Novice: 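Just passing along the structure, written as structure tokens.
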Amino acid sequence: MTREGLSDLLHAAEHSLTLRGQLKNCSNDQELIDLARDYGFPVKLCDLQNEAESQQIEDWFRKSRISPIRK
């Protein structure tokens, strides 16, 4: 699974107060993965581990974008 499952879970949490509350109660990665699977989101441990690195890379590309000379 790519980051898509994790992204979908976070999107669902933005729209569900119940899910947000349950996510807040997760005390470790395995509980979060189990909760995601209960809701049908295929999240794996590597998705959580790679999320921070992927976000840093995306941020770098966004900040490093060269604007066109003409606007």
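Computed from a predicted model, the values in this text were never measured in an experiment.
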Novice: Which value, rounded to the nearest 0.5 Å, describes the distance between Asp34 atom CG and Asp38 atom CG?
Specialist: 6.5 Å

Novice: What's the verdict on side-chain contact (heavy atoms from CB on, under 4.5 Å) for Val43 and Asp8, showing C-alpha distance, side-chain angles and the deciding distance?
Specialist: CA-CA 10 Å; Val43 176; Asp8 291 345; over 6 Å; no

Novice: Rounded at 0.5 Å granularity, tell me how far CD in Glu31 sits from CG in Leu23.
Specialist: 11.0 Å

Novice: Is it true that a side-chain atom of Arg20 and a backbone atom of Glu14 form a donor plus acceptor pair closer than 3.5 Å?
Specialist: yes

Novice: To the nearest 0.5 Å, how far apart are CG in Asp47 and CG in Leu32?
Specialist: 10.5 Å

Novice: Give me the atom names and distance for the closest heavy-atom approach of Lys44 to Ile33.
Specialist: C-CD1, 3.9 Å

Novice: Which heavy atom of Phe41 sits nearest a heavy atom of Ala12, and at what distance?
Specialist: CZ-CB, 3.7 Å

Novice: Once you round to the nearest 0.5 Å, how far does CD of Gln22 lie from CG of Leu17?
Specialist: 10.0 Å

Novice: One pair to check against side-chain contact (heavy atoms from CB on, under 4.5 Å): Leu19 and Leu9. What are the steps and the verdict?
Specialist: CA-CA 9 Å; Leu19 179 55; Leu9 173 64; 4.0 Å; yes

